[in-house]
Each structure stands twice: as structure tokens, then as C-alpha cells.
Protein chains: 2
Amino acid sequence: MNKQSGTIRSKGEETVPVNRREQILESAVVVFAEHGYYRATTAQVAEKVGISQPYIFKLFKNKEELFIAALERAFERILRTFSGLQAPADQLLAEAIQLYEQLMETHPNEIILQVQAIGIRDEAIRQSMQAGILEVTRLMESKFSAAGFAHPEVEVSTFMANGMLCNIALTLGMPELKPKHL
Amino acid sequence: MNKQSGTIRSKGEETVPVNRREQILESAVVVFAEHGYYRATTAQVAEKVGISQPYIFKLFKNKEELFIAALERAFERILRTFSGLQAPADQLLAEAIQLYEQLMETHPNEIILQVQAIGIRDEAIRQSMQAGILEVTRLMESKFSAAGFAHPEVEVSTFMANGMLCNIALTLGMPELKPKHL
DNA sequence: TATTAGTGATTGATCACTAACTAAATAATA
DNA sequence: TATTATTTAGTTAGTGATCAATCACTAATA
């Protein structure tokens with residue numbers, strides 16, 4: 001029943017287990033980030049994984065679901081990143097910023113994917129995007145609440161705004177656009 | 001030499017002058033905003049204008065240039081909107097916000113177009129986008145400078161961040177995401 | 001007569017997605 | 001243990017739809 005497991009022969013003689021679904025998502029993030037949802041082709045994703053193009057449709061119903069799965073993966077990483085966040089009120093924002101900057105360095109393509117998702121006029125993708133943003137917002141509000149902020153929504157809103165500007169600066173290749181603070 | 005001028009017969013017997021290029025751009029903004037760059041078709045734009053699809057290519061070299069022309073038009077409106085901005089330091093931000101909110105109400109599709117442009121992986125479109133954002137930023141910095149702000153870049157950066165969050169809230173249909181201030 | 005404004009028909013390329021198949025691993029059975 | 005059946009993991013080949021872009025043309029105007 002485990003559709004995800006399989007084996008490949010590596011250069012040596014050992015056999016290493018591999019999860020095709022994960023591999024495909026990994027490649028999909030890169031290809032989608034590089035070319036955008038509509039320009040990216042399932043053939044490009046398949047080539048990057050080293051499988052045939054039709055095989056993608058054995059593991060994902062269609063291109064839309066592949067994209068959504070990749071997008072959800074990206075949101076899960078953000079949530080995981082902030083899940084452990086905890087600091088006194090006067091340090092919380094700085095810590096949050098630091099965590100996010102690290103994430104942007106290690107997984108820029110997942111950020112770019114999300115920026116692209118904003119503009120995709122596809123109902124299912126939009127819903128997934130709405131849900132993701134809402135979850136991140138809720139999580140951050142809980143963190144700012146826990147730190148004792150009186151108006152966590154205001155703090156979080158500012159944090160989200162600056163985060164978005166960061167994302168856009170990254171996506172457009174405009175480092176000078178990154179938020180400036182004193 | 002005036003490629004833009006022509007006439008159409010309206011329902012009455014009079015003849016009204018018309019600028020096809022402008023008409024096409026007007027429709028293009030709507031169609032692109034509704035379907036996104038790649039899903040929007042030149043046929044949809046043509047239908048909205050009431051001309052044949054090939055005629056678009058008499059006035060625009062290709063789809064990319066049509067989109068860029070529409071995008072530039074959107075940026076020009078923003079620049080025009082803020083061009084007259086002038087207020088004492090303690091009112092400037094509020095005035096700027098009011099102007100932008102008005103713009104978002106009167107021309108939401110131009111805002112959505114810009115949000116979409118962020119995610120389009122096309123070199124020419126990206127360059128146009130970079131130039132547009134830079135121009136808006138420069139203009140706002142001059143306004144905040146004129147009002148006597150000590151660190152206009154910081155103020156403008158915050159303004160841009162909140163503006164972007166506004167744009168995203170509009171594009172995703174998430175009014176609850178709009179910036180919160182106290 | 002030349003230019004402007006416009007159309008109908010077509011095409012070449014691209015791509016998501018399907019169908020029909022195979023090879024290998026694993027489990028069941030004699 | 002050898003043999004057969006079944007599932008898993010994957011492939012090759014192809015199709016139907018979509019669309020930007022071109023070409024060759026016409027009708028009206030100046």
C-alpha cells in the first residue's frame with residue numbers, strides 16, 4: 001500500500017530508498033519558481049527528477065494539484081520555522097525577522113513560489129493561498145500574544161507587510177527594496 | 001501618421017473618434033487582471049474591444065508588449081496620483097494613504113495587474129516592473145523629504161510594505177489582511 | 001492613387017493528460 | 001523450493017485543445 005516507497009541503485013552497489021512524491025515536489029518547487037506556474041511544464045519537472053513526464057500524473061491528479069502540494073509544503077515549512085518562536089516582547093520581532101531571513105536564504109524558491117501563487121487566477125490555488133496566509137497570521141498572532149503585546153494584530157500586520165515586501169524584493173531581484181528600519 | 005485615431009459609428013448617426021490603442025489597453029488591463037498573463041488570450045481582449053484578434057498585433061508587436069504597455073499605464077496612474085501630494089509632516093502619510101485607497105477603488109484592475117506582474121518570469125516584464133517600483137519609490141521619497149522627514153527612506157519603505165500588503169489583500173480577496181494601524 | 005483600418009483563414013508549436021503496455025519485485029501456492 | 005499470480009513502478013506513444021502570430025486580403029477614406 002505504500003505508494004511512496006521504492007528503491008534506486010546508486011553508483012555503489014547499495015540500494016537507497018526514495019520517495020518519488022517528495023522528489024517530484026522538490027523539483028516542482030524549483031521549476032515553478034523559475035518559470036512560473038503556466039510556463040513551467042510537467043516535462044521539465046519530470047526531467048529534473050529523472051522520470052518520464054506521464055509518471056507525474058500517476059502521483060498527482062493534475063498540474064494544479066502538483067502546484068498546490070508544492071505550495072502547501074512551502075507553507076508548512078514557514079509554520080514549522082515559527083512554531084518554536086518564543087522570546088520576551090522586546091526581542092520577539094528581531095527573532096522572528098532572523099528566522100524568516102534564514103528561511104529566505106535556505107529556501108528562496110519556496111518563497112518565490114508563494115509570491116507567484118498570489119497572482120495565479122485559479123480558484124483552488126487561491127483558496128490554498130488564503131488558507132496558508134491565514135494560518136501563518138494566526139500563528140504569529142499567538143506568538144505576539146504570548147509575549148504580552150497589547151495589540152498583536154497590529155504588530156503582526158506590520159510584520160506581514162514587511163515580510164511581503166521582502167518576498168517581492170527577492171522575487172523581482174531588487175535587494176534595494178528590502179524593508180529599511182532604523 | 002496618427003495610428004491611434006479612427007472613427008466608429010455609434011448607435012446614432014454621429015461618428016465618434018476613438019483611439020484603438022487606448023481601447024485595447026483598457027480591455028487588456030481587465031482581461032489580464034481577470035485571467036492572469038498566460039491564461040488571458042488576445043482573442044478575449046479583442047472581443048472586449050469589439051475588433052478582430054489579429055488586429056491587436058497591428059498595434060502591438062506581441063502579447064508581451066501589450067502587457068508591458070498596460071503595466072506602464074498602471075504605473076503612470078500611480079505616479080500621477082501622487083504627483084500632487086504635499087502636506088505637513090504630520091499629515092503626509094494619512095494623505096498618501098487616502099490617495100492610494102481611492103486609487104484602489106477606482107482602478108483595482110491596474111493594481112491586480114501589478115501584483116500579477118511580480119510573479120511573471122519574463123525578463124522584459126520584470127524590468128518594466130523594477131523600473132515602475134523604483135520610480136514610485138523615488139517619487140515618494142521626494143515627497144517625504146519635502147515634508148521634512150529625517151529618514152524618508154524608512155518612512156517610504158514602510159509605506160511601500162503596507163501598500164504591497166494592501167495589493168495582495170485585494171488580489172487574493174482577503175480584506176482581513178489589509179494593514180491594521182492603531 | 002495611396003493610405004488607413006480592419007478582417008478571415010490558417011498554422012505551427014506547445015502541453016496537459018491518457019491509454020496501453022512492460023519489467024521487476026513480492027506474495028501465494030503446490 | 002520452484003512456480004505462478006499479483007502488485008508496484010515505471011515507460012512509450014499519442015491526442016486533443018489551445019493560442020500567439022502571420023498572411024493575404026478588402027473596404028473605406030483622403
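So that the names make sense, note that chain A is the first sequence line, chain B the second, and so on, each numbered from 1. Quick note: numbers below take in every heavy atom, side chains included, and nothing from hydrogens, waters or symmetry partners.
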Asks: Check this for me: does the side-chain of B:K58 come within 3.5 Å of the base of C:dT7 through a donor and an acceptor?
Replies: yes
Asks: Would you verify whether the NZ or CZ of B:K143 falls within 45 degrees of the ring axis of B:F149 while also being under 6.0 Å from that six-membered ring's centre?
Replies: no
Asks: What I want to find out is whether B:E26 reaches B:R73 closely enough, with some N-O distance under 4.0 Å, to be called a salt bridge.
Replies: yes
Asks: Mind checking whether B:M104 and B:L85 sit in one hydrophobic cluster, side chains of I, L, V, M, F, W, Y counted as touching below 4.5 Å?
Replies: yes
Asks: Looking at B:Y55, does any N or O in its side chain come under 4.0 Å of the phosphate oxygens OP1/OP2 on C:dT7?
Replies: no
Asks: With a 4.0 Å limit, can you tell me whether B:R20 has a side-chain N or O closer than that to the phosphate oxygens OP1/OP2 of C:dG6?
Replies: yes
Asks: Looking only at side-chain N and O atoms, does B:T42 come under 4.0 Å of OP1 or OP2 in D:dA20?
Replies: yes
Asks: From D:dC23, C:dC17, D:dA20, pick the nucleotide closest to the side chain of B:P54?
Replies: D:dC23
Asks: Under the side chain to side chain donor-acceptor pair (under 3.5 Å) rule, what do B:E110 and B:Q114 come out as? Steps first, then yes or no, please.
Replies: CA-CA 6 Å; B:E110 292 189 354; B:Q114 289 177 65; 5.9 Å; no
Asks: Measure the distance from CD on A:E47 to P on C:dT14 and round it to the nearest whole Å.
Replies: 15 Å
Asks: Between D:dT11 atom P and A:F57 atom CZ, what is the distance in whole Å?
Replies: 14 Å
Asks: Across the strands shown, which category fits A:S52 at heavy-atom distances under 4.0 angstrom: base, sugar-phosphate, nothing?
Replies: base
Asks: Answer yes or no: side-chain N or O of B:Q53 and base N or O of D:dC19 forming a donor-acceptor pair under 3.5 Å.
Replies: no
